[in-house]
Amino acid sequence: MKLTLASLITLVAGITVVADYFVAAPVINHAASTFTQWSVMLSAFSTALGGVNLLAVHKKRLSQRSANWGLSVILLASMVAWLVIGLSLGTESSVYKFIWDNVYSSLSSTLFALNAFFIASAAYRSFRVKGIDTLILLVTACAVMLGRTGLGEAYRMPEIADWLIRVPNTAGMRGITIGGALGAISVSARVILGLERGYAGERRSGGSYQ
Amino acid sequence: MISKKLANLDSRIVYAVVFLSILLPLWRPLGLSISVSDGTLKVHGLLNALSQDDTVIVSPSFTPSTEAEVYPQMKAVLRHLLSRNARIAFACLNVESQIYAEESMAALAPEFGYEYGVDYVILPFTPGMETAVAAISNNFLGTYPRDAYGTPLTEIEAVTGIRSVSDFALIVDFNTGNTAIYYIQYANPRGVRVVAGASGVTVPYLTPYLATGQLSGLIDGMRGAAEYESAIGYPGEALAAMDAQSLSHASILALIGLGNGASFLSKRGDARDAEQKKQSYGGELDE
């Protein structure tokens with residue numbers, strides 16, 4: 001019953017939203033608009049659900065004294081503290097801004113910035129010419145990197161880099177995008193038609209659907 | 001032997017080289033000049049064509065991890081928008097978006113005499129990314145009955161006359177993911193132009209849309225931010241940071257060259273040693 005109801009809701013919502021793109025009928029357009037509004041509420045709900053789930057998972061790790069349970073303490077303390085500060089003092093408060101600027105923003109930027117060092121080290125060790133393929137890759141990468149700097153201006157590197165991004169990259173990306181879109185269409189069609197019901201908790205059994 | 005040592009260079013030396021190549025230009029700028037790319041010029045041209053009555057959606061859809069690249073783009077574009085007296089509605093698709101909108105406007109609004117509610121509005125965080133953009137495009141006022149501070153949107157002068165997403169003159173999305181693509185998919189078919197500012201790694205995903213015209217302009221990474229600052233004649237933090245990016249890229253390229261050279265010499269040395277060993281064993285056998 002639960003699966004049938006979920007499939008029915010998916011069928012109606014899916015067909016209405018798809019039809020909205022092709023049909024200019026006020027009833028369908030209004031219904032599709034309502035469904036998309038609901039989806040925003042569902043997203044908000046799923047965010048809250050994610051928070052609750054995170055709390056439950058780390059509470060369990062803490063109570064069981066699992067490996068690295070100290071990290072769970074830090075996570076839970078940070079999560080609760082920031083939530084309380086945000087809700088009680090507001091996101092414009094100086095305390096909230098202090099945590100944002102000096103903890104969250106700094107840590108995020110630092111972690112991402114570390115990539116520069118790891119990439120440099122990895123490139124030094126692994127980016128070696130072993131054949132024509134790697135040579136093409138190396139020359140292309142060097143051209144694009146130089147094109148993103150002020151050093152390559154004299155040798156028209158920005159133009160070369162722009163061409164590489166605009167032509168060969170675009171051709172490749174188009175292929176990937178179209179392939180991905182075709183896959184998404186087929187999966188969506190299966191979901192709308194009720195052939196794929198994993199989202200509703202259905203489990204595969206012996207390679208066939210229950 | 002040196003080639004072997006170089007081929008297996010200690011990571012800490014590589015880190016030190018990259019660190020110094022970033023630090024030194026920040027301490028002593030090189031002042032390298034840069035040209036303005038076509039994608040940046042397109043964004044600049046579209047913003048230049050805006051009139052005072054136009055309202056623009058600015059969507060800060062990036063996170064602190066890519067702030068160094070994308071935030072300077074947003075600041076430069078906002079400076080241009082404010083100089084054009086355009087009205088702005090900030091759409092917040094990330095939890096972080098509102099902070100970026102507040103912070104940037106707190107810095108720029110006094111300089112241009114912008115007032116919250118009259119000239120710009122910050123819309124509340126809308127979760128869901130793709131579904132949020134679909135909702136904004138389908139029913140703007142239904143998605144945003146109030147601004148981020150609870151004031152009904154109907155009472156906000158900055159969005160007077162806005163009934164749907166089609167009433168906006170332009171959407172400017174600053175992203176590190178797919179949000180610009182969502183705006184292209186949902187808002188662009190409703191007649192509103194979309195331009196984007198993106199981090200360097202996101203750009204290859206967006207160029208197919210630039211080629212088709214679905215994306216009307218694209219600011220590419222830190223260089224794009226510097227280009228935009230150059231285009232509006234206001235050198236800011238991106239132009240200052242470009243030297244560090246240029247030198248760090250150059251240092252990585254030099255390291256790649258060095259690694260390849262060392263690897264090549266090391267392999268040649270190994271082959272020569274093997275040949276010599278073979279020859280000496282062959283000689284012993286002959287004796």
Side-chain angles (χ1 to χ4, degrees), chain A residues 17 20-21 29 32-34 36-37 39-47 91-92 97 100 104-109 111-113 116-121 123-129 138 141-142 145-153 158-159 162 165-167 169-174 176-177, chain B residues 8-9 11 14-15 17-19 22 30 32-35 37-39 63-68 98-99 102 126-129 131-132 134-135 138-139 142-143 189 200 203-205 207-208 210-211 220-223 226 242-243 245-253 255-256 258-260 263-264:
Chain A
V17 173
D20 174 55
Y21 198 81
N29 302 144
S33 175
T34 308
T36 38
Q37 298 297 318
S39 68
V40 173
M41 283 185 264
L42 282 173
S43 299
F45 183 74
S46 64
T47 307
T91 55
E92 286 172 84
K97 285 282 286 172
W100 165 270
Y104 179 63
S105 188
S106 310
L107 281 175
S108 297
S109 306
L111 280 174
F112 198 72
F117 297 94
F118 296 141
I119 287 170
S121 180
Y124 183 78
R125 268 163 240 298
S126 316
F127 214 164
R128 302 270 161 92
V129 178
L138 184 73
C142 291
M145 279 181 78
L146 267 179
R148 294 285 172 272
T149 69
L151 297 165
E153 288 285 341
E159 286 171 51
D162 190 45
I165 296 281
R166 206 162 29 82
V167 182
N169 162 73
T170 297
M173 282 309 299
R174 271 194 188 139
I176 294 168
T177 307
Chain B
N8 299 307
L9 195 67
S11 290
V14 175
Y15 297 159
V17 170
V18 175
F19 180 69
I22 294 169
L30 305 172
L32 295 166
S33 64
I34 54 158
S35 55
S37 70
D38 192 40
T63 54
S65 56
T66 46
E67 185 185 301
Q98 191 179 331
I99 291 181
E102 285 169 351
T126 322
M129 290 280 182
T131 48
N138 261 332
N139 184 356
T143 310
V203 166
Y205 298 96
T207 45
L210 193 64
D220 176 356
M222 173 73 81
R223 186 189 163 97
M242 261 311 282
D243 284 346
Q245 174 165 304
S246 297
L247 217 62
S248 62
H249 278 203
S251 74
I252 293 172
L253 288 177
L255 283 167
I256 292 171
L258 187 68
N260 272 287
S263 169
F264 175 73

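Please read all numbers here as calculations on a predicted model, not as lab measurements. Throughout, protein chains are lettered first and strands after them, A, B, ... in sequence-line order, and every chain is numbered starting at 1.
- Partners of Phe19(B) under the ring pair (Phe, Tyr, Trp, His ring centres under 6.0 Å) rule, at least two apart in sequence or in another chain, do not exist in this structure.
- At distances below 3.5 Å, not a single donor-acceptor pair connects side-chain atoms of Ser11(B) with backbone N or O atoms of Ser121(A).
- Proximity to chain A (any heavy atom under 4.5 Å) is restricted, for Asp220(B), to the side chain, taken from C-beta onward.
- Heavy-atom pairs under 4.5 Å with chain B peak, among Val40(A), Leu138(A), Ile176(A), at Val40(A).
- Looking at Leu9(B), both its backbone and its side chain come within 4.5 Å of chain A, counting heavy atoms on both sides.
- Using a 4.5 Å cut-off between heavy atoms, Gln245(B) touches chain A through backbone and side chain atoms alike.
- For Leu258(B), the parts lying near chain A are the backbone and the side chain together; criterion is any non-hydrogen pair under 4.5 Å.
- Contacts with chain B were tallied for Thr36(A), Ile119(A), Thr149(A), Asp20(A); Thr149(A) has the most, counting heavy-atom pairs under 4.5 Å.
- Under the 3.5 Å distance criterion, with hydrogens and angles disregarded, no donor-acceptor pair is assigned to the side chains of Ser109(A) and Glu67(B).
- The candidate from Tyr104(A), Phe117(A), Phe127(A) with the greatest count of non-hydrogen atom pairs under 4.5 Å with chain B is Phe117(A).
- Between chain B and the options Glu159(A), Arg166(A), Met41(A), Glu92(A), the largest number of non-hydrogen pairs under 4.5 Å is found for Glu92(A).
- Among the candidates Ser46(A), Ala141(A), Ser33(A), the residue making the largest number of heavy-atom pairs closer than 4.5 Å to chain B is Ser33(A).
- For Thr177(A), the part lying near chain B is the side chain, with the backbone staying farther off; criterion is any non-hydrogen pair under 4.5 Å.
- The contact between Ile165(A) and chain B is made by backbone and side chain atoms together, counting heavy-atom distances below 4.5 Å.
- In this structure, Met129(B) and Ser43(A) have side chains that are not in contact, with every pair of non-hydrogen atoms separated by 4.5 Å or more.
- For the 3.5 Å distance criterion, the side chains of Thr207(B) and Asn169(A) qualify, holding a donor opposite an acceptor.
- Interface remark: Tyr205(B) contributes backbone and side-chain atoms alike to the contact with chain A (heavy atom separation under 4.5 Å).
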